[in-house]
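Worksheet for the structure shown next.
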Amino acid sequence: MGEVGDEQMFLRATGRSFVGLSAELERSWRGPFYFAMGADPQLGLWDAWSRGACGTSGTMWERELALTHEAVRALNLLRPRPRFLTLCGDLVHDMPGQPKRNEQMKDLRNALRNLDPAIPLVLVPGNHDLGNEPTTESIASFRHAWGDDYFAFWVGGVRFLVLNSQLFVNTKACQREGEEHNNWLGKELAECTEAKKVGKDPQHVIVLQHIPLFLSTANEEDGYFNIPLDLRHQLIEKFQQAGVTAVLAGHYHRNAGGSVGPIEMIVSSAMGCPLGQDPPGLRLVTVTKESIHHSYYAMDKIPTQIDLGPC
Ligand SMILES: [Zn+2]
């Protein structure tokens, strides 16, 4: 992989794949590895929340910004290095059209620019990034700033699918994008399903998205924080056929999750403003040949050394 320039670090998701994490380079298993996951840095929420008006613009975001700097500092010290950092959506609080959005994005980007260039940054769109009702324009604007809103990539023999979960809940103003996303996902899952049948499957298939499929059980009622029940069950069935074993999401600002069949739903709390008891932090996810395990760390408790065991 060539040098990744300053702005290029935000635009590596392109052509529905990710520069440097291609099948050519990363298709084969080379032993255990780990990656880092953050969700909802959401610069501006803390201020809006403390005023009891989280739907309004966040006019200050020093706390979230300090936490983002702290996360980047901790990640840069980690050895071995995480194979990538994913931010699972809600990068900033102000939605498209809200007044502080550009300033929040500028500050977030400045903080993320300090990330060790050896750690690729994998960005996932959330409802605050696209709007609760995404439009063709809001999606185009996300792509312009942060790269593709859905794509797939490889790391050490493991297939990762990044989904645009907002298109699961509202496509009134972006039907074409919704259909394209569904078609693309169907094709990706079908490829995994076929590969599995002939025994050439990836070591694991892992999905990254913003809205959790569910918070604790697959049959729980529909709500703001999960995917609608009918679609949820369709996705779970297709994910199972394709060999998906883990789905990682944010959006809930609390740690949660559960399992359905072989799929673990991992809901990770926020890098920014928490809405429950969990402190702001990051999750480190270790992938071994047989399994995926993970731990959530408060931002000031992130270790400096990860033991991946015998390779
Ligand atoms: Zn969200």
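Below, each value reflects all heavy atoms present in this structure, side chains not excepted, and no hydrogens, waters or symmetry copies. Counting starts at 1 for both ligands and their atoms, following the listed order.
Inter-residue side-chain proximity for N170 and P134 is flagged as met; some heavy-atom pair is nearer than 4.5 Å.
A salt bridge between E103 and K100 is present, with a side-chain N of the basic residue lying under 4.0 Å from a carboxylate O of the acidic one.
If you chain together hydrophobic residues whose side chains sit under 4.5 Å apart, F151 and I211 never meet in one group. Put simply, F239 and L167 are part of two different groups of oily side chains (I, L, V, M, F, W, Y) that touch within less than 4.5 Å, one to the next.
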Could you check Y34 against H294 for ring-ring contact (aromatic ring centres under 6.0 Å, His included), going step by step and ending with a plain yes or no?
-> CA-CA 9 Å; Y34 79 100; H294 49 92; over 10 Å; no
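Protein N/O/S atoms found under 2.8 Å from the Zn ion (ligand 1), listed by chain and residue number: D90 OD2, N127 OD1, H210 NE2, H251 ND1.
Taking the ring centroids of F160 and F18, they lie at or beyond the 6.0 Å cut-off.
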